[in-house]
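The structure under discussion appears below in the form of structure tokens.
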Amino acid sequence: MPPTNQELSLLINPLVPESVQHNNRVLTQLHSLTSFLLGLTAGILALQSATGFIFYFLGTVLVSGLFHLALLYRSGGKGAGGFFPGVGGEIDGLVVQRDGIVKDAGSGLRRNAWRDVWLGGGVLGEALSGFVLGWAGVGGVLR
């Protein structure tokens, strides 16, 4: 039975589970800390309702963008695929020929690894609750 694209991807460019866990932990801590700081700032600025959540959204986009730029710089332009598994850990464009030779016809990057940076790390979960906690706490104290 021939290996699947996911198995081939992990053989060609392996990801160490401990390293992926560490990277996810760092990303979660970054998003949690910045979300809480954004919440404190929104409370100090007395932002209310939709303007506060727009502030959170823009701040999160800025932080994720800066983190992605750091990954691009660190990986020599390859992006998040060297640090995060993406969807299933598969590399885009792997083609297995009839004689069993594997050709890399694509970019060589992991499929949708950018989603781990932009949407991972609790952006819509833990980090959002930290934002609301900081926002409501400081807003309540200042009023």
Side-chain angles (χ1 to χ4, degrees), residues 2-97 100-143:
T4 64
N5 280 348
Q6 183 179 10
E7 292 171 338
L8 287 172
S9 298
L10 292 174
L11 284 173
I12 292 171
N13 190 1
L15 284 174
V16 179
E18 292 83 10
S19 297
V20 172
Q21 288 174 350
H22 171 75
N23 294 342
N24 285 328
R25 190 171 41 252
V26 167
L27 185 62
T28 301
Q29 291 172 349
L30 174 73
H31 281 301
S32 295
L33 177 65
T34 56
S35 294
F36 185 69
L37 293 175
L38 286 169
L40 293 177
T41 306
I44 291 169
L45 294 174
L47 299 177
Q48 296 180 359
S49 192
T51 56
F53 286 109
I54 290 170
F55 180 75
Y56 170 72
F57 176 72
L58 293 176
T60 302
V61 166
L62 176 70
V63 169
S64 295
L66 291 173
F67 190 73
H68 202 134
L69 285 175
L71 288 178
L72 283 171
Y73 176 75
R74 179 88 173 159
S75 67
K78 291 198 177 211
F83 303 98
F84 295 95
V87 178
E90 292 182 20
I91 296 176
D92 277 338
L94 286 181
V95 177
V96 181
Q97 297 177 341
I101 297 175
V102 178
K103 287 188 119 181
D104 185 12
S107 61
L109 301 176
R110 296 198 186 277
R111 184 174 300 152
N112 296 326
W114 61 271
R115 288 183 183 176
D116 293 334
V117 174
W118 289 87
L119 302 174
V123 169
L124 299 174
E126 302 163 7
L128 182 60
S129 63
F131 169 76
V132 171
L133 179 67
W135 185 20
V138 171
V141 169
L142 291 178
R143 286 194 190 107

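What you see is a predicted model; the values in this text were computed from it and never measured.
- Within the structure, no pair that satisfies the side chain to side chain donor-acceptor pair (under 3.5 Å) test touches residues 25-37, not counting sequence neighbours.
- Contact record, Leu27 with Val117: CD2-CA, 3.9 Å, taken as the closest heavy-atom pair.
- In this structure, Phe67 CZ and Arg74 CZ are separated by 11.0 Å, a value rounded to the nearest 0.5 Å.
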Sequence neighbours excluded and cut-off under 3.5 Å, please list the side-chain donor-acceptor pairs for residues 49-62, or say none.
residue: Thr51; atom: OG1; partner: Gln48; partner atom: N; Å: 3.3
residue: Thr51; atom: OG1; partner: Gln48; partner atom: O; Å: 2.6
residue: Tyr56; atom: OH; partner: Val123; partner atom: O; Å: 2.5
residue: Thr60; atom: OG1; partner: Tyr56; partner atom: O; Å: 2.8

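- At least one donor-acceptor pair under 3.5 Å links the side chain of Trp135 to the backbone N or O of Leu47.
- Annotation: side chain to side chain donor-acceptor pair (under 3.5 Å) contacts involving residues 62-72, sequence neighbours excluded, comprise His68-Trp118.
- Here the side chains of Phe84 and Leu71 are in contact, with some heavy-atom distance below 4.5 Å.
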